[in-house]
There are 2 protein chains.
Amino acid sequence: MDHARKLPTMTDVARKAGVSPMTVSRALKSDGLVSEDTRARILKAADELGYVLDSTASSLRSQKSDFVAVTIPSINNANFADTVGALNEGLKPRGLQILLGYTNYDMHEEERLIAQLLRRKPLAVVVTGGTHTPRCRRLLENAHVPVIETWDLPENPLHHVIGFSNAQAVQSMVDHFVAKGLTRIAFVGGDTDRDTRGLDRRRGFVAAMQRHGLDATRLIAAGPPPISMREGAEVMARLLDTAPDTQAVICVSDLSAFGALSACQRRGIAVPGQISIAGFGNFEVGAICVPSITTIDPSPKDIGARVARLICRVLDGDAPEPVLDHLAPRLLLRESSI
Amino acid sequence: MDHARKLPTMTDVARKAGVSPMTVSRALKSDGLVSEDTRARILKAADELGYVLDSTASSLRSQKSDFVAVTIPSINNANFADTVGALNEGLKPRGLQILLGYTNYDMHEEERLIAQLLRRKPLAVVVTGGTHTPRCRRLLENAHVPVIETWDLPENPLHHVIGFSNAQAVQSMVDHFVAKGLTRIAFVGGDTDRDTRGLDRRRGFVAAMQRHGLDATRLIAAGPPPISMREGAEVMARLLDTAPDTQAVICVSDLSAFGALSACQRRGIAVPGQISIAGFGNFEVGAICVPSITTIDPSPKDIGARVARLICRVLDGDAPEPVLDHLAPRLLLRESSI
DNA sequence: CTCCCTTATGATAACGTTATCATTCACAAA
DNA sequence: TTTGTGAATGATAACGTTATCATAAGGGAG
């Protein structure tokens, strides 16, 4: 491509249409303050020149961007993707553009990313989770921008929160199994502090088991996040070897739960006949597979839609108080558990 | 948050550090032309003020952004997510920022998106697929920016191409089944022109069947894209009712293939005993499920990595000629097919 | 016919940074 | 001593747009 050639500017359009640049600016943003035939002439000139507005200059002069910065742990996770997708849909009518970053489940990467994203002067910042490095918190506080923490209930919220308690959700799953008479329950998930949501789920498991006076030591580490189907299968195989009397397995996500289910199928272990399996996240695979997998639905799209609505409210000057939107994920009982 | 307060600028940092703004600018980008103690003083002042560089102003003045615009059909597709993830990794060392947009498998939405993204003056534009609206093509040509089409082999490339022939890949799958002695083969996929890659796969199926002198009319429409596991299951149920003598099913993606497999399992149909199933994309679910699903691996991460490398080369002034990187997806034979 | 108000347009300056050229100073070579 | 060289820093202007204020033309009320 010819990099050398200079792109046409508003001044070029103005000259061609026989008006001032200011009138071009007004015409392009449908100000209503331009006569119809002038506007038509300008649009025609712009089209013929192949003119494209320079958002950079526009943002600099008007001192406002149309960016919303968003960080998620991984792009390749249907839950977070659903949240971002719904957020994107909700922001589209306003012409807002998402600036997406992946932290790779790493708080320091999040810090680096936030520092980079803040340079664009986003209108709002949406982060996944409520645990951040001190410098990351400082950066966000200094930015004087609305911040929304999601997928979690932080102890010390930075600002707005739209999330749920991961620990509580898993406790409800434990309660359900215990009510069914199961006592030898294992938890499959990560044990590093990288995936804080995963750790919260694990904590919820331990707390609930202890509350019921049950042994909470069947904790199977599955390595660093993301914990995929493959890790779920490997870990389940290990569990079947070391603790074959296990009655139920709660997995940190539906993906690892599906892997666990596959491992059982390969060994001819009946699910839920011999062992019950549950996941987290209501991924599609868990609804379609045979048997379908009991899970907890955190409504990722709902989170995204709510974030979008909150951002719109804030931009309208509404919502002066920090919002705390505490969601309650639903338990979905399916075929994989008795 | 306090929106009113003005954020500190380079001038504020300069005043505090007792230097000129120009020196601050140099110090912040590690120009090497600033003495060590001056730089230290400046960084300290910047930190104390909570200063964050304004990329908008920087881009405007230097007339170059650090954006790479990327459009993909859907955020919630592990294949495209893998490509974007690898692309992101490859661009990170250069400090480039991906500007991501979702076309929702709609060429007109792609056009709208490209028009919006070009306003940021991206350094390069990466699109999925090789079919675009005329205006979209015009926009990209006028932008004087390197364009890379991926996941496809366009007939009339805009510029660079890093992709493969979807039709050819499916033909190799048909050839494999025919070599195994199967003749009554069905294709499950969309029939709208929205998902052009899906249509190409369908065309490849028809062409290969005809080449073998076989009946190519077992084409099962699965509605508009994205075609998910659920649609795969529904369509398979329909196929088992209407054409129970089908020996093999090739699905437009592993997701629909997994849905088809589940439908068979619910009906007690043996896979591959009674019917063989194949997918496309090498999604994780197909590798883990029981039986694992025969598929074609388009190496999404490889595509992303290659795109990143090409962009870096172009930015280095290398690669004056349009690059045509023709990849050859591999056939992965698994348990779901004889 | 004047006055005021509305509508359409223009002139000017400014957003925060950096490209570019200019200057200063120290120090080595002649 | 003069001259040359390089390193460190500063002064100025410019990137393309739009906020703001100013102006001109038209039209109805008095």
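Excluded from the calculations below are hydrogen atoms, water molecules and symmetry mates; all remaining heavy atoms, backbone and side chain alike, are included.
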Distance below 4.0 Å between [X] side-chain N/O and [N] OP1 or OP2:
X: B:S58; N: C:dT17; value: no
X: A:T9; N: D:dG16; value: no
X: B:T38; N: D:dT9; value: yes
X: B:S25; N: C:dT17; value: no
X: A:Y51; N: D:dT17; value: yes
X: A:S59; N: C:dC15; value: no
X: A:S20; N: C:dA11; value: no

For the side chain of [X], counting heavy atoms from C-beta on, which of [options] is nearest?
X: A:R61; options: C:dG16, D:dT18, C:dG10; answer: D:dT18
X: B:D54; options: C:dT17, C:dA8, D:dT18; answer: C:dT17
X: A:S35; options: D:dT17, D:dG16, C:dT9; answer: C:dT9

Measure from [atom1] on [X] to [atom2] on [N] and round the result to the nearest Å.
X: B:E36; N: D:dA7; atom1: CD; atom2: P; result: 15 Å
X: B:M22; N: C:dA22; atom1: CE; atom2: C1'; result: 13 Å
X: B:K64; N: C:dT17; atom1: NZ; atom2: P; result: 17 Å
X: B:D37; N: D:dA7; atom1: CG; atom2: P; result: 17 Å
X: A:M10; N: D:dA14; atom1: CE; atom2: P; result: 20 Å
X: B:L60; N: D:dA13; atom1: CG; atom2: P; result: 18 Å
X: B:Q63; N: D:dA13; atom1: CD; atom2: C1'; result: 14 Å
X: B:R15; N: C:dG16; atom1: CZ; atom2: C1'; result: 13 Å

Given salt bridge (charged side-chain N to carboxylate O under 4.0 Å, His left out), test B:D66 with A:R120 step by step and report yes or no.
-> CA-CA 11 Å; B:D66 49 4; A:R120 314 280 173 192; 2.4 Å; yes

Classify the side chain of A:R26 versus the base of C:dG10 as yes if they form a donor-acceptor pair under 3.5 Å and no if they do not.
-> yes

Does B:V13 reach the side chain of B:T11, with side-chain heavy atoms less than 4.5 Å apart?
-> no

Lys/Arg N to Asp/Glu carboxylate O, A:D316 vs A:R313, below 4.0 Å |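 Here A:D316 does not pair with A:R313 in a salt bridge, since their nearest N and O are not under 4.0 Å apart.
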
Quick one: do B:R41 and B:E36 make a salt bridge, cutoff under 4.0 Å?
->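 Here B:R41 does not pair with B:E36 in a salt bridge, since their nearest N and O are not under 4.0 Å apart.
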
On DNA chain D, more 5' by nearest nucleotide between A:T56 and A:S62 is A:T56

Which word best sums up how the rings of B:F67 and A:F67 line up, parallel for under 30°, tilted for 30 to 60°, or perpendicular for over 60°?
-> tilted

